[in-house]
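Treat the numbers as computed from the prediction; the structure is a model and nothing was measured.
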Amino acid sequence: MESKTSRFPFPYQPYSIQESFMEALYTALDQGKVGIFESPTGTVSLSMRSVHLTVLGKKTVDVCAFMCLILQGKSLSLICGALTWLRDYEEQKKQEAARLLDGPEKKCDAVKEENNSSQPSEPDWVSEFVQKKAERDMVNKLKDEELKRKKREERLEMIRHNAQLRYAMKRKASEEDEAVKLLQLSKEGAESEIHSPEEEGLIVAEYESDDEATPKSRLCDEDDDEDLEEDHVTKIYYCSRTHSQLAQFVHEVQKSPYGAAVRLVNLGSRQNLCINPEVVRLGNVQMMNDRCLEMQKNKHEKREKASDSETKRRRGVAKATCPFSGFENLMAMRDEVLVKVRDVEQLLQHGRETHTCPYYSTRMAIPAAQVVVLPYQSLLHASTRKASGIKLKDQIVIIDEAHNLTDTISAIHSTEISGAQLCRAHSQLSQYCERYRSRLKAKNLMYIKQILFVLEGLVRTLGGKVGQNPNTQSCQPGSELLTINDFLFKAHVDNINLFKVQKYFEKSMISQKLCGFVEKYEGSGVNIHSSSKNKENRRTEGLGRFLQTLQNKPTDVSEQQVAVEDKPIMASPMMLVESFLFALTNANKDGRVVIQKQACLSQSSLKFLLLNAAVHFAQIVQECRAVIIAGGTMQPVADFKEQLLFSAGVPEDRILDFSCGHVIPPENILPIVLCAGPSGQRLEFTFQTRDTPQMMEETGRVLSNLCNIVPGGVVCFFPSYEYEKRILGHWESTGILQRLQSKKKIFQEPKKASQVEQVLSDYSKCIQHCSNGGSGQTGALLFSVVGGKMSEGINFSDDLGRCIVMVGMPYPNIKSPELQEKMAYLDKHMPHIGGKSPGKALIENLCMKAVNQSIGRAIRHRGDYACIVLCDHRYARPGTLQKLPEWIRSSTHTHTTFGPAFASARKFFLEKRQRPPV
C-alpha cells in the first residue's frame, strides 16, 4: 500500500532511512550534483522483507527466494526518488512552456536583458528586431516540442489500450535513410565500375578526411541527427555491472508505483538480444557484430539496387539479409517497448512472437524513453555510447554497484594484442590491398599503406618481422614499459597522425570490410596472379600462403603453438588493432605501453594500460545534468574523489556525499580483529610468514574453534587462489581438514563460473539439512577467495553466513609493473593525503576495498546477525580501521589474545540462540 505521508510514491510505508536516501537523491538531481551514495545492502530492504513475510504468513522464508529480495530496498529507493524528481521536473517544464505560450509579451525578458547588457551601443530598432526574432524562435521551438510530445503520448496511449495501430502511410526515401542511420548501416559513396558484383561490399568507399569534406555534407548529417533526436525528453540512464543486476532493477521498476506509466528501454548487446539463429550460432560477440552489420549493409544495398534498372539486370550472388529487421515491424516494436516495461527475456520473447529484432528496436526507442537501463560498458565507453545513440547532454546518469568504477573505466579502455594477431592483420590487409589496388581510390590506398606501416612498426617492437610465420620467429624474452610517446618513437611511427588513421577506421569501416574479405577467401590463400614470377607477385604468394596457414592449422606447427591464436579465432583481428591504435591517442601522461616478449613472437604481446580513468569520465560529468554514483560500500572514498572526480574537473561544491549506515541493531554484529591464535602465535600473513607451517596450523586451529560455536554456515576468505591451494594442502596432510570436516561439511569456490550456482545450492541445502537435525555436522564451511566468484554479488544472509573469516590482508602484487607504474603516476600527479603518498594509499585502498566487499556478504537485513573475524594483527592499525565501513567499524573489538575473542563470540551466538530475531 502506498505511503500517505511520504511525497515519494512507495509500495509501502518507507522507513526514515529510505526517506533520507530519496530526499538526498532528489536534491542531488535537482541541483545538478555528482552524488556519492553509500547504502549497505539490507539498510533499505527490511520493509519489503516484512511485507513478504506477512504475505506468506510465515516466520521463515525460502533462502533462494529471499536472496532475490535483498536488493529491493535500494533499487526501489533509487527508482522512486529519481522518478519522483523526473515527474516534478517534467511538470515544471510543462507549466513553464504553457506560461510562455500564453503570455508572449513576457516570454523573453531574459533575452531582452542579455541583449541590452551585452550590446548597449546598438540602435533600438536592431535590439527590437533581435528580441522579436528570439521570441519567435522560442515560441516555435516550444510549439514543436509540445506537438511532438502530444503525438507521442497519443500514439503510446492507443497502444496501451490495445488499439490496432498500423503504419499504413508510405515512408519517404529520406525517412528510410534516417532509419538506416539508426541501424548503423555502412555509407557507400560513388564507386568505380566493379567487374565482380558479389565483391562490391568488400570495397571501401571513396574517402574524404574531415578537412576535405564539404560543409554541405556535414550540415546534412547534423540536420538528420537533429530530426531524429527528441531533445525535450529528459532521461535517466541507469547502469550496473552485470545483466542479472540490471534485470533485478527492471523487475523492481515493474513492481514500483511508476511501473505502469514510465517509458523504460532495456539495452543489451547482440549476444543478449539477437534472435537471428544465423547470427546467434556464432557465439563470439565480435563475430556476431560483424555478421549483423554485414546483413544490414546487404539489405541497404539490395534496396538501392532495386531502384536501379541497370543494376537490377546484373547477375550476382544473392547476399544474406536479416529477416527480423523489417522497418514497419521495428517501428511497431519500438512503441511496444515504450508502453510496457520489459526485461531482456521478455524482449526476446516479444521479438520472436512478432518476428522483430529486439536489439535495433530498443535502440530506436531511446529518444522517447524516460529511463534507459544498460551495462557499464555501454555508458562508460564513448564510441559505444555513440554507436548506441546515447546522448548525455543535460541528462541524468545513475551508476549502481560503483565501488570499482575507477578500475572498471581503466579496464574498459585498456587493450592487449598479440604478435600473432598483428602478423595476421598485416597479412590480411596486404592481400586485400593487392587484390583491390586498381579499384581503390588514392586516399584509401594512402591510409591502408599507413596502417600497414604502423603494423610493421608494432611487430618490430616485439622483435619480429611481418610476412613470416610468427610461430617460427623466436624472440628474446623480457618486458619493457614505455610512455606512449617513447613507444611510438621505438616503433618508428611517431610521424603518423593516429587521429586521422582512427577517423579513417571509423568512416571507411575497413575492419568490417576485411572480415568479409577473409571469410570469402578463407582457405584459398588469395594467390593473385600465381603464374607470374616477378618479385612483387612472389611476395604476394608468400603472404597468401601465410594467410592460409593462419586460417588453417599448419601441419608443421605443434598444437601448443597453434593454441596461442585468438580464442575464439575471429575472421580478422583488425578490430583489436583499431582498439589498440585508438588507445595510443590518449595523452602521453595518461597511459603506458607494456611490451611483453616471450620466446615465440606469436605469444608476445603489446598491452596498453590506462593510468588516468578521469579523462574518460570527464565527458560524462561535464555533459550530464547530474551523476549519481551508488554502491553498498564506497569506502574508502577519498581516493575515489581524488582520482576520478577532482581529476575530471568536478569542483568540491558539486559533490554530495550520502551514507546510510546500517539499520541493524549494534548487538546483531560482532566484528573482531584477532591478533593471535589459540596457541599464542601472532597472526601476521605477510609474504615472508604466511607460508610457514606454524602460521598455517594456527589458522586451522582458529577456524576449528570457531566451527565449534558457530551455527549454520561459515565463509572463510583467503587472499589468493595460490594461498588457498597451499594452505588447504597443508591442512589435508596434517589432518586439520579432516577435523574441520567432522564439524561442518566443506565446500570450495569452483574454478568455473558456471558451477557457482550449483555449489551455492548444495551449500544452502546442507545448512538447511543440518539445522533440521539431519546430520551430526552443525552446518557447512565454504572456502572462498577475495576478489573471486563468491566475494561480490553473492549474499550469505541468515544461516548461510553466520560467520565471515578473513585470513590475512589481500594486498595486490606490488611487484606488478602495471601497479608500480600506476603508483608512480599517482605520486607524481596527485596530492599527498594525511602525510601518505598516493601510491602507498592506493595499495591500502585496493586491499580494504576488497576486504569490505567480502565481509559485506553477511548481514543482509535488520533481523540478520553475524560475526566477522579479521585474522591479522595489522587490521588493528588506526589507519586500517578507518577504512572499514562505519557500521562495522563502530562495533569492532580488537583482541590481542585468542581467549577473550573466543569467549565473546561464544556469548554472542549463545544469546542469539536463546533470543532468535523476529
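Contact check for Ile868 versus Thr892: no side-chain heavy atoms found under the 4.5 Å cut-off. Side-chain contact between Leu670 and Ile672 is present, with at least one heavy-atom pair separated by less than 4.5 Å. Two residues are said to be in side-chain contact when any heavy atoms from C-beta on lie closer than 4.5 Å; Met823 and Ile843 meet this criterion. Taking 4.5 Å as the limit, every side-chain heavy atom of Val710 sits out of range of all side-chain heavy atoms of Cys867. Counting heavy atoms from C-beta outward, Ile595 and Leu606 have side chains that approach closer than 4.5 Å. At a threshold of 4.5 Å between non-hydrogen side-chain atoms, the residues Thr880 and Met848 count as touching. Under the 4.5 Å side-chain criterion, counting only non-hydrogen atoms from C-beta, Phe717 is in contact with Ile804. Side-chain contact between Ile628 and Val397 is absent, with no heavy atoms from C-beta onward closer than 4.5 Å.
The shortest non-hydrogen separation linking Gly808 to Tyr875 is O-OH, 2.7 Å. Lys822 and Leu842 get closest at one heavy-atom pair: CG-CD2, 3.5 Å. Residues Arg889 and Gln882 come closest through the heavy atom pair NH1-O, 3.2 Å. The shortest heavy-atom contact between Cys707 and Leu740 is SG-CD2, 4.3 Å. Minimum interatomic distance between Leu379 and Arg385 (heavy atoms only, all atoms of both residues): O-NH1, 2.6 Å. When all heavy atoms are compared, the tightest approach of Val702 to Gly677 is CG2-CA, 4.0 Å.
Counting only distance, with no hydrogens or angles, the side chain of Asn852 and the backbone of Leu884 share no donor-acceptor pair below 3.5 Å. Side-chain atoms of Lys589 never come within 3.5 Å of backbone atoms of Leu611 as a donor-acceptor pair (strictly under, hydrogens ignored). At distances below 3.5 Å, not a single donor-acceptor pair connects side-chain atoms of His381 with backbone N or O atoms of Gln377. In this structure, the side chain of Thr734 engages the main chain of His730 through a donor-acceptor pair within 3.5 Å. Checking side-chain atoms of Thr384 against main-chain N and O of Leu380 turns up no donor-acceptor pair under 3.5 Å. In terms of modelled atom types and a separation under 3.5 Å, the side chain of Ser904 and the main chain of Ala901 share a donor-acceptor contact. Distance alone, capped at 3.5 Å, is enough to place a donor-acceptor pair between the Ser854 side chain and the Ala850 backbone. Checked by atom type and distance alone, the side chain of Trp731 never pairs as donor or acceptor with a backbone atom of Arg726 at under 3.5 Å. Between the side chain of Asn272 and the backbone N or O of Gly268, no donor-acceptor pair lies under 3.5 Å.
When the options Pro838, Pro831, Ser647 are evaluated for a side-chain contact (heavy atoms from CB on, under 4.5 Å) with Glu642, the one that passes is Pro831.
Distance check: Glu818 CD to Leu610 CG gives 13.0 Å after rounding to the nearest 0.5 Å. The CD1 atom of Ile399 sits 6.5 Å away from the CD1 atom of Ile409 when rounded to the nearest 0.5 Å. Expressed to the nearest 0.5 Å, how far OG of Ser410 lies from CZ of Phe617 amounts to 12.0 Å. Remark: Gln598 CD to Ser418 OG distance equals 11.0 Å, nearest 0.5 Å. Between atom CG of residue Asn845 and atom NZ of residue Lys883 there is a gap of 5.0 Å, rounded to the nearest 0.5 Å. Here the OG1 atom belonging to Thr894 is positioned 12.5 Å from the CZ atom belonging to Arg877, to the nearest 0.5 angstrom.
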side-chain hydrogen bond (donor to acceptor under 3.5 Å, both in side chains) for Asn813 and Ser816? Distances and angles first, verdict last. CA-CA 6 Å; Asn813 180 14; Ser816 161; 5.5 Å; no
Item checked: Audit row: Thr689, Thr686, side-chain hydrogen bond (donor to acceptor under 3.5 Å, both in side chains) steps and yes/no -> CA-CA 5 Å; Thr689 61; Thr686 62; 2.9 Å; yes
Next item on the list: Could you go through the side chain to side chain contact (heavy atoms under 4.5 Å, CB included) check for Asn612 and Gln643 one step at a time?
Entry: CA-CA 8 Å; Asn612 183 15; Gln643 295 177 30; over 6 Å; no
message: Checking Tyr238 against Phe249 for the ring pair (Phe, Tyr, Trp, His ring centres under 6.0 Å) test, could you report, in this order, the C-alpha distance in whole Å, the side-chain angles of both residues, the deciding distance, and whether it holds?
response: CA-CA 9 Å; Tyr238 174 90; Phe249 179 83; 3.6 Å; yes
Walk me through whether Gln248 and Glu252 qualify under side-chain hydrogen bond (donor to acceptor under 3.5 Å, both in side chains). CA-CA 6 Å; Gln248 177 66 32; Glu252 294 312 312; 2.9 Å; yes
Practice item. I would like to know whether Asn586 and His616 meet side-chain hydrogen bond (donor to acceptor under 3.5 Å, both in side chains); could you show each step before the answer? Key: CA-CA 10 Å; Asn586 280 276; His616 294 285; 3.2 Å; yes
inquiry  = Run the side chain to side chain contact (heavy atoms under 4.5 Å, CB included) test on Asp872 and Val807 for me, step by step, so that the C-alpha distance in whole Å, both residues' side-chain angles and the decisive distance to 0.1 Å come before the verdict.
reply    = CA-CA 7 Å; Asp872 199 307; Val807 177; over 6 Å; no
Practice item. Quick one: do Ile620 and Val627 satisfy side chain to side chain contact (heavy atoms under 4.5 Å, CB included)? Show the steps, please. Key: CA-CA 8 Å; Ile620 295 174; Val627 177; 4.3 Å; yes
### Message
Let's go through Ile855 and Ile888 carefully: what are the C-alpha distance in whole Å and the side-chain angles of both, what is the deciding distance for side chain to side chain contact (heavy atoms under 4.5 Å, CB included) to 0.1 Å, and is it a yes or a no?
### Response
CA-CA 9 Å; Ile855 62 179; Ile888 293 179; 3.7 Å; yes
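Of the N and O atoms on the side chains of Glu416 and Ser605, at least one donor lies less than 3.5 Å from an acceptor on the other residue. Counted by atom type alone, Tyr811 and Glu844 present zero donor-acceptor pairs between their side chains at under 3.5 Å. A donor-acceptor contact closer than 3.5 angstrom is absent between the side chains of Lys743 and Thr778. For Ser414 and Lys607, the side-chain atoms include no donor-acceptor pair closer than 3.5 Å. A donor and an acceptor atom, one from each side chain of Tyr723 and Asp691, are nowhere located under 3.5 Å apart.
For Phe783 and Phe718, the ring centers are positioned less than 6.0 Å apart. Ring centers of Phe580 and Phe608: at least 6.0 Å apart, outside the cut-off.
The neighbour count for Glu757 CD, taken as heavy atoms of other residues, nucleotides or ligands under 6.0 Å away, does not exceed 12. Counting non-hydrogen atoms of neighbouring residues, nucleotides and ligands closer than 6.0 angstrom, the CD atom of Gln820 exceeds 12 such neighbours.
Taking the six-membered ring where the residue is Trp, Phe747 and Tyr763 present perpendicular rings, their angle passing 60° and hence far from 30°.
The existence of a salt bridge linking Arg701 and Glu698 is confirmed by a sub-4.0 Å separation between a basic side-chain nitrogen and an acidic carboxylate oxygen. Taking the charged nitrogens against the carboxylate oxygens, Lys641 and Asp657 do have a contact shorter than 4.0 Å, which makes a salt bridge.
In this structure, Arg802 forms no cation-pi arrangement with Phe909, as its terminal cationic atom is not both closer than 6.0 Å to the ring centre and no more than 45° off the ring axis.
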